[in-house]
*Asks:* 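This is the structure I have questions about; it appears just below.
Atoms within each ligand, like the ligands themselves, are counted from 1 in listed order.
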Amino acid sequence: MNKPEAPTSLSRDVAAFFAELGLPAESLSQGSTEIRSPINGEIIARVRFADAAEAKAAIGRSAEAFRQWRVVPAPVRGELIRQLGNELRAAKEGLGRLVTIETGKILSEGLGEVQEMIDICDFAVGLSRQLYGLTMVSERADHRLMEQWHPLGPTGVITAFNFPVAVWSWNAALALVCGNPVIWKPSEKTPLTAMATTALFRRAAARLDNIPADLVTLLIGGRDVGEVLVDDPRVALVSATGSTGMGRIVGERLARRFGRAILELGGNNAAILCPSADLDLALRATAFSAIGTAGQRCTSLRRIIVHGSVYDSFVPRLKKVYDTVTIGNPIDGSTLVGPLIDKRSYEAMQKALEAAAQAGGKVHGGKRVKGPGGDDAYYVSPALVEMPAQTGPVLNETFAPILYVLRYENFDEALALHNGVPQGLSSAIFTTDLRESERFLSASGSDCGLANVNMGSSGAEIGGAFGGEKETGGGRESGSDAWKAYMRRVTSAINFGHALPLAQGVKFDI
Ligand code: NAD
């Protein structure tokens with residue numbers, strides 16, 4: 001079908017925000033790759049993709065920026081991130097709206113994503129006065145052991161479409177205070193939010209003196225450009241967020257050159273609903289985690305494991321929520337579920353639902369519904385699938401709002417189902433029984449990187465380290481001590497005496 005060529009309200013919104021940021025109007029019509037809003041399928045820009053030669057040249061400039069930036073005192077580096085946080089505060093409305101236009105997530109989530117960027121900036125400013133190492137006692141007389149954390153080198157940040165700017169900020173705010181320049185390869189589906197964020201970064205940098213050029217480089221392009229970052233030994237660390245399929249390739253290629261990796265990959269997150277659970281609370285938490293963001297969060301709830309004693313009171317209530325949730329234009333304040341990102345995503349959802357039905361699943365919902373944009377936008381009612389067993393599509397992450405419901409009778413069985421998938425990102429338990437919640441959080445409980453009690457699997461705060469195990473990739477970013485992955489640890493032994501005792505009592509007298 002023909003696409004509207006004349007500027008409509010979404011492209012006008014985008015152009016107005018770009019003008020506010022001082023970005024030239026031509027930046028929205030520079031190339032041949034069409035960027036469409038999932039809200040109505042409208043073309044909102046045509047961008048140019050970088051090629052491998054440009055990517056290599058950018059890495060060279062980033063390596064030069066590293067030589068300058070690594071010797072700037074960390075608290076001075078933190079001042080740049082303070083300025084970035086201020087720019088984000090001022091632009092929160094516009095950038096949040098652009099996130100919604102480019103990804104289709106509801107406006108409050110678009111704004112929440114920018115708030116998350118502001119939060120990590122605050123965190124990183126504080127961190128810039130810490131970056132602490134330990135001192136350790138030595139076994140040798142008149143000796144001291146200590147460690148320092150030094151900048152690592154240019155950091156490649158490859159991001160996914162669903163958190164087009166927050167994931168960049170989790171990485172970039174830490175990398176920059178740690179002394180590393182950043183080269184950003186955003187999702188090919190969401191270059192506009194990346195362009196806007198980079199413009200805000202440049203504004204922040206312009207407020208200060210002596211900020212090296214090319215401290216943050218934006219490379220808009222496809223996986224070929226990402227692969228240049230992955231293969232180039234000048235890129236000391238690659239933090240890659242996306243599907244497990246992408247991570248398998250990136251992880252192997254990085255390992256081949258001993259490059260450092262932070263892999264943040266797919267999840268298949270589950271919650272266990274126990275007999276003692278507060279069902280009202282569990283209902284709201286389940287709805288937000290499973291339906292929110294149209295099931296397009298890495299932490300979206302994909303499986304709920306329900307005890308037989310509460311199954312018949314809980315599942316029908318959940319179905320009612322599925323039937324009544326507001327689906328539509330994500331800019332409209334009353335909408336809770338926006339569109340899927342594109343047609344491929346819709347088709348993957350339908351394929352998973354067919355496979356689930358073939359495996360004996362009872363499918364509720366999951367049908368295409370009409371949105372504001374005619375045939376070029378993909379809105380669906382969220383799907384709830386009651387499964388007889390954890391088989392087939394239940395073992396995979398389908399990046400769409402599908403919640404598989406499984407029944408259990410004893411807690412060990414629930415834990416075995418919970419952990420019985422290849423992914424290990426986020427997890428939750430609903431219970432008021434201390435023994436169950438503590439067991440869930442213990443070494444023999446959830447095998448995920450994130451484990452929540454009486455809340456859903458999604459909606460993490462920046463203060464904790466974020467990431468997951470198994471096929472989720474093992475990386476950690478954001479809060480706690482995740483910053484250590486962005487630095488080089490140096491352990492030093494210092495002899496302040498006159499003798500030279502050797503460790504472990506070794507004798508070597510000459
Ligand atoms: P995707 O894997 O299709 O793409 C992610 C990024 O990787 C894009 O920038 C893409 O261009 C790049 N890429 C793809 N192949 C590459 C290669 N061989 N070398 C280098 N770069 C390559 O993912 P998507 O569809 O954009 O995002 C959805 C996926 O991301 C889901 O699986 C979701 O769970 C995951 N995700 C994970 C987290 C997390 O923190 N664990 C956060 C957000 C999204």
Side-chain angles (χ1 to χ4, degrees), residues 33 38 49-50 52 55 102-105 109 113 116 156-171 183-191 193-194 218-232 235 238-254 256 259 261-269 293-302 340-345 348-349 352 396-400 421-427 448-450 457-460 462 464-479 482:
T33 304
F49 275 13
E102 205 174 33
T103 65
K105 62 174 71 175
E109 291 190 56
E113 174 150 359
E116 200 168 356
V157 179
I158 297 172
T159 52
F161 81 83
N162 65 321
F163 275 92
V165 283
V167 167
W168 173 79
S169 70
W170 289 0
N171 285 282
I183 310 167
W184 184 9
K185 210 300 280 174
S187 163
E188 43 279 74
K189 295 172 190 169
T190 55
T193 41
L218 178 61
L219 283 176
I220 291 172
R223 58 185 283 180
D224 54 325
V225 169
E227 283 172 1
V228 173
L229 294 181
V230 169
D231 291 340
D232 195 312
V235 181
V238 174
S239 173
T241 299
S243 56
T244 291
M246 175 279 283
R248 192 163 275 125
I249 297 169
V250 166
E252 281 180 17
R253 288 172 86 133
L254 275 168
R256 231 175 282 157
I262 297 175
L263 297 177
E264 299 282 352
L265 312 174
N268 189 355
N269 317 298
T293 333
Q296 297 173 112
R297 286 194 190 214
C298 51
T299 51
S300 287
L301 190 66
R302 311 219 175 268
L340 294 175
I341 188 71
D342 56 19
K343 184 179 182 194
R344 255 182 82 187
S345 172
M349 179 179 180
N396 304 322
E397 178 199 52
T398 302
F399 216 55
V421 295
Q423 310 81 358
L425 180 54
S426 188
S427 60
C448 293
L450 308 168
S457 55
S458 63
I462 60 95
F466 183 92
E469 301 304 327
K470 302 192 293 187
E471 290 193 0
T472 303
R476 291 296 185 278
E477 53 193 27
S478 194

*Asks:* So, 4.0 Å and heavy atoms of Phe161: is ligand 1 close enough to count as a contact?
*Replies:* yes

*Asks:* Pro186 heavy atoms, cut-off 4.0 Å: which ligand 1 atoms fall inside?
*Replies:* 9 (O)

*Asks:* Measuring only between side-chain heavy atoms, which start at C-beta, is Asn162 closer than 4.5 Å to Ile341?
*Replies:* no

*Asks:* For Gly295 and Ser300, which heavy atoms make the closest approach, and how far apart are they?
*Replies:* C-OG, 3.3 Å

*Asks:* I'd like to check which ligand 1 atoms, numbered from 1 as shown, lie under 4.0 Å from a non-hydrogen atom of Gly266.
*Replies:* 32 (O), 34 (O)

*Asks:* Got the closest protein heavy atom to atom 10 (C) of ligand 1, with its distance?
*Replies:* Glu188 OE1, 3.4 Å

*Asks:* Does a side-chain heavy-atom distance below 4.5 Å link Phe49 with Val225?
*Replies:* no

*Asks:* Side chain to side chain contact (heavy atoms under 4.5 Å, CB included) with Glu397: which residues, sequence neighbours excluded?
*Replies:* Arg302, Phe399

*Asks:* Listed by chain and number, what are the ring pair (Phe, Tyr, Trp, His ring centres under 6.0 Å) partners of Phe466, not counting sequence neighbours?
*Replies:* Trp170

*Asks:* Checking a contact table here: which protein heavy atom is nearest atom 33 (C) of ligand 1, and how many Å away?
*Replies:* Phe399 CE1, 3.3 Å

*Asks:* Using heavy atoms and a threshold below 4.0 Å, how should the contact between Phe466 and ligand 1 be classified: side chain, backbone, both, or neither?
*Replies:* side chain

*Asks:* Hey, does the side chain of Ser427 reach the backbone of Leu450 with a donor-acceptor pair shorter than 3.5 angstrom?
*Replies:* yes

*Asks:* Heavy atoms of the protein only: does one fall short of 4.0 Å from atom 4 (O) of ligand 1?
*Replies:* no

*Asks:* Ligand 1 and Lys189, any nitrogen or oxygen pair closer than 3.5 angstrom?
*Replies:* no

*Asks:* Any salt bridge between Arg223 and Glu227, counting N to O under 4.0 Å?
*Replies:* yes

*Asks:* For ligand 1, which is the ligand I care about here, please tell me if Glu227 has any N or O atom under 3.5 Å from one of the ligand's N or O atoms.
*Replies:* yes

*Asks:* Decide whether the shortest distance between a heavy atom of Gly475 and an atom of ligand 1 is less than 4.0 Å.
*Replies:* no

*Asks:* For a quick check under 3.5 Å, do Glu471 and Thr244 share a side-chain donor-acceptor pair by atom type?
*Replies:* no

*Asks:* Nearest protein heavy-atom contact for atom 34 (O) of ligand 1: which residue, which atom, what distance?
*Replies:* Glu397 OE2, 2.6 Å

*Asks:* Counting from 1, what ligand 1 atoms have a heavy atom of Thr159 closer than 4.0 Å?
*Replies:* 5 (C), 6 (C), 8 (C), 9 (O)

*Asks:* Nearest protein heavy-atom contact for atom 7 (O) of ligand 1: which residue, which atom, what distance?
*Replies:* Ile158 CG2, 3.4 Å

*Asks:* Tell me which protein heavy atom sits closest to atom 2 (O) of ligand 1, plus the residue, atom name and distance to 0.1 Å.
*Replies:* Ser243 OG, 2.6 Å

*Asks:* Do the side chains of Glu113 and Glu109 get nearer than 4.5 Å, heavy atoms only?
*Replies:* no

*Asks:* Regarding ligand 1, does Lys185 bring an N or O atom to under 3.5 Å of one of the ligand's N or O atoms?
*Replies:* yes

*Asks:* Relative to the heavy atoms of Ile249, which atoms of ligand 1 are at a distance of less than 4.0 Å?
*Replies:* 18 (N)

*Asks:* Can you tell me the protein heavy atom closest to atom 41 (N) of ligand 1 and the distance?
*Replies:* Leu265 O, 2.8 Å

*Asks:* Consider side chain to side chain contact (heavy atoms under 4.5 Å, CB included). Of Leu425, Asn268, Leu263, Asn269, which one does Thr472 pass it with?
*Replies:* Leu425

*Asks:* Keeping Lys470 on the side-chain end and Val421 on the backbone end, is there a donor-acceptor pair under 3.5 Å?
*Replies:* yes

*Asks:* Which residue supplies the protein heavy atom nearest to atom 36 (N) of ligand 1, what is that atom called, and how far is it?
*Replies:* Cys298 CB, 3.5 Å

*Asks:* Mind checking whether Thr33 and Glu188 have side chains closer than 4.5 Å, heavy atoms only?
*Replies:* no

*Asks:* Are side-chain N/O atoms of Asn171 and Glu477 paired as donor and acceptor at under 3.5 Å?
*Replies:* yes

*Asks:* What residue and heavy atom of the protein are closest to atom 14 (C) of ligand 1, and at what distance?
*Replies:* Met246 CG, 3.4 Å

*Asks:* With a cut-off of 4.0 Å, which atoms of ligand 1 are near a heavy atom of Asn162?
*Replies:* 43 (C), 44 (C)

*Asks:* Closer than 4.0 angstrom: is that true for some heavy atom of Val250 and an atom of ligand 1?
*Replies:* yes

